[in-house]
Participant: 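Handing you this structure, nothing more for now.
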Amino acid sequence: MTAKKLIYVKDKEGYVKGIYPDEMKPEYSIISKEEWEEESGEKYYKETFGRGGKREGAGRKPVNGVVLKFQIRVSEKEKEFLNYARAHNLNYDDLMQG
């Protein structure tokens, strides 16, 4: 079963909408999707609200599954050690054994 594609039309009064090809009437004129987005306000809505609604953090969770972010407070010396260990690929398991 193939999915029907929408076509975007403007009627003689200037209203725009998306319809299926079998709903086409003589008083409609075909327009591009970009023109439909501009005239219908869809482009403004996407730019203003984007995915997930108006509130920050509302909507779907991230695709990669990371939802929580953990933070710990460390001293400057500990931060320097962690940066050094990451830069030099230290194996933490070997350090903990000895």
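In this chain, numbering begins with 1 at the start of the sequence shown.
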Participant: Strictly distance-based, threshold 3.5 Å: is any side-chain N or O of Q97 a donor or acceptor partner for the main-chain N or O of D94?
Facilitator: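 Judged by distance alone, no pair lies under 3.5 Å.
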
Participant: Working to the nearest 0.5 angstrom, can you tell me the gap between E42 CD and E47 CD?
Facilitator: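 One finds 11.0 Å between CD of E42 and CD of E47.
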
Participant: Do I31 and V9 touch side chain to side chain, with heavy atoms closer than 4.5 Å?
Facilitator: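 Heavy-atom side-chain distance check fails, nothing below 4.5 Å.
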
Participant: Closest heavy-atom contact between E39 and G14?
Facilitator: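 Closest approach of E39 to G14, heavy atoms only: OE1-O, 4.3 Å.
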
Participant: Mind listing the closest non-hydrogen atom pair of Y8 and S32 along with its distance?
Facilitator: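 Closest approach of Y8 to S32: CB-O, 4.2 Å.
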
Participant: Assess whether a salt bridge exists between K43 and E34, defined as any Lys/Arg side-chain N lying under 4.0 Å from an Asp/Glu carboxylate O.
Facilitator: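 No.
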
Participant: As an exercise, state the distance from CG of L90 to CG of L82, rounded to the nearest 0.5 Å.
Facilitator: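 Here the interatomic distance stands at 10.5 Å.
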
Participant: Could you check whether any side-chain heavy atom of Y28 comes within less than 4.5 Å of a side-chain heavy atom of K17, counting everything from C-beta outward?
Facilitator: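 Heavy-atom side-chain distance check passes, below 4.5 Å.
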
Participant: Just wondering, do I19 and L6 contact through their side chains at under 4.5 Å, heavy atoms?
Facilitator: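 The answer is no, as the side chains (C-beta and beyond) never meet within the 4.5 Å cut-off.
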
Participant: Could you tell me the separation between the CD atom of E76 and the NZ atom of K79, rounded to the nearest 0.5 Å?
Facilitator: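 NZ of K79 is found 5.0 Å from CD of E76.
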
Participant: Shared ILVMFWY cluster between L95 and Y84, side chains joined below 4.5 angstrom?
Facilitator: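 Cluster IDs for L95 and Y84 match.
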
Participant: Flag this pair as yes if the NZ/CZ of K4 is under 6.0 angstrom from the six-membered ring centre of Y20 and inside a 45 degree cone about the axis; otherwise no.
Facilitator: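 Flagged: K4 positioned over aromatic ring of Y20.
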
Participant: Find the distance between CG (D93) and CE (M96) and round it off to the nearest 0.5 Å.
Facilitator: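 The CG atom of D93 sits 8.5 Å away from the CE atom of M96.
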
Participant: Going through the checks in order, is the side chain to side chain contact (heavy atoms under 4.5 Å, CB included) test met by K10 and Y15?
Facilitator: CA-CA 5 Å; K10 181 186 278 191; Y15 293 105; over 6 Å; no

Participant: Do the side chains of I7 and E23 get nearer than 4.5 Å, heavy atoms only?
Facilitator: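 Counting from C-beta outward, E23 and I7 never come under 4.5 Å.
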
